[in-house]
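Numbering of residues begins at 1 and proceeds along the displayed sequence. Computed over heavy atoms, backbone and side chain alike; hydrogens, waters and symmetry mates excluded. Fair warning: this is a prediction, and the values are worked out from it, not measured in the lab. Whatever order the structure lists ligands and atoms in, that order sets their numbers, starting from 1.
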Amino acid sequence: MKVLVINSGSSSLKYQLYDMTDESVLAKGLVERIGMDSSILNHKPTGKEEVTEVSEILEHNTAIRKVLDMLTDPEHGVLESVGEIQAVGHRVVHGGEAFKGSVLVTGEVKSEIRRLFDLAPLHNPPAIMGITAAERNMPGVPQVVAFDTAFHQTMDEKVYLYPIPKVLYKKHHVRRYGAHGTSHEYVSKAAAEYLDRPIEDLKIITCHIGNGASLTAVKGGKSVDTSMGLTPLEGLMMGTRSGDLDPAIVTFVMNKEELSLSEVNSMLNKHSGLLAISGSSSDMRDITDGWEAGEPNETLAFEMYEYRLRKYIGSYAAAMNGVDVIVFTAGVGENSAIVREKVCQNLTYLGVELDKELNKIRSGDPRRISTPNSKVEVLVIPTNEELVIARDTHRIVQEEK
Ligand code: ADP
């Protein structure tokens, strides 16, 4: 079965085409600047030359049509016809409490995703645009949705509720939902496979640290706690997001600086984190360069980031009464040996012992970076959210047959 995986953002659309007989990627690509002048389609067919096309793409419907044209293009394509695509899988950020796993798209499912617009105003509307566009361009082809929140639906009430008036949960569904669920699920399973141990026996802390960053405590294969909350703002210090802070800061700063709701929201989501402290960049590569060069602002940003990350690991070890495995993944987790080294340096009380040489090796494969004596296995596992969506899509469509 050939499955097209689509990840729609407000002005972008990422895609990957899988052949599920061997889970190989036939092509992948990205449409950027949808709705702006000179939209860009970058297409990477496996075994063929990469191609970039600039054109006017005003909305997601045209973006998908262009992608399908490219996939069937005689020169750059990988398919004879669009009809070869037997299913489409979509990434949806927010599934609220309604979705505990991936599901086949129906009218009711789309209505529920729309009802959740309030909770994910930036993310769920483009997902609906992507689904509608795919339905229009590939009529009759089954569509599946995978939710970033679904994996965390196993959290206990005592974990997902906030200690605020309960009526806010009843009326407005204010609770912890978490995010990056497909990634946390994928790397925790991959860790158990790599170690050749049953996941049911393991306490794993998965560190998904990219531009956005979240940690999950995975006990017996289930998410028992995660650092992102009602929205992806809570938790770790991120590229441009603050992560945890005293909630009173919000009203205090709004009052002092006469900020509106949207201004304070933008401050915490787009102008905080590494960017705010360094004053120069939200990218960990730049921060590390500055730290190595002894720049004071980048050094402080680096130290705050590492400190907050380490504190969360400690708290999740406490939440699970122990930890067997720590997994690093996503942009920073997979690539930054220095962040991993500094974090692990201060986890010796847990019995973590890092092999500094193994930690420095660059590879796209899952790998162990702890010593044989380490009480905790420390692994680097490249994440693959698209593959999880493709697998779910394939399974659900097969079951429907
Ligand atoms: P997103 O959250 O957007 O999916 P990614 O998981 O792709 O992000 O992570 C992107 C981030 O990874 C970059 O902003 C950068 O900070 C970080 N990164 C990528 N490569 C490196 C590297 N070699 N060293 C340190 N950080 C890196």
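For A330, no nitrogen or oxygen atom sits less than 3.5 Å from a nitrogen or oxygen atom of ligand 1, counting backbone and side chain alike. For ligand 1, none of its N or O atoms has an N or O atom of I209 under 3.5 Å away. By the 3.5 Å distance cut-off applied to N or O atoms, G210 is not counted among the residues near ligand 1.
The heavy atom nearest to atom 26 (N) of ligand 1, considering only H180, M238, M284, is found in M284. Of the candidates I287, N211, D289, the one placing a heavy atom closest to atom 14 (O) of ligand 1 is N211. If you check each of H208, E334, R285 against atom 24 (N) of ligand 1, the one with the closest non-hydrogen atom is R285.
Residue E385 does not touch ligand 1, judged by heavy-atom distances below 4.0 Å.
For the pair R175 and Y169, the cation-pi test (distance below 6.0 Å, angle within 45°) is failed.
Using a distance-only test at 3.5 Å, with no hydrogens or angles considered, a donor-acceptor pair links the side chain of Q153 to the main chain of G96.
S183 and H208 form a side-chain donor-acceptor contact under 3.5 Å, judged by distance and modelled atom types alone. A donor-acceptor pair shorter than 3.5 Å cannot be found between the side chains of E135 and T132.
The protein atom (non-hydrogen) at minimum distance from atom 17 (C) of ligand 1 is V332 CG2, 3.6 Å.
Centroid-to-centroid, the aromatic rings of F147 and H94 stay 6.0 Å apart or farther.
Every residue two or more places apart in sequence or in another chain that forms a side chain to side chain contact (heavy atoms under 4.5 Å, CB included) with V54 is listed here: S38, I40.
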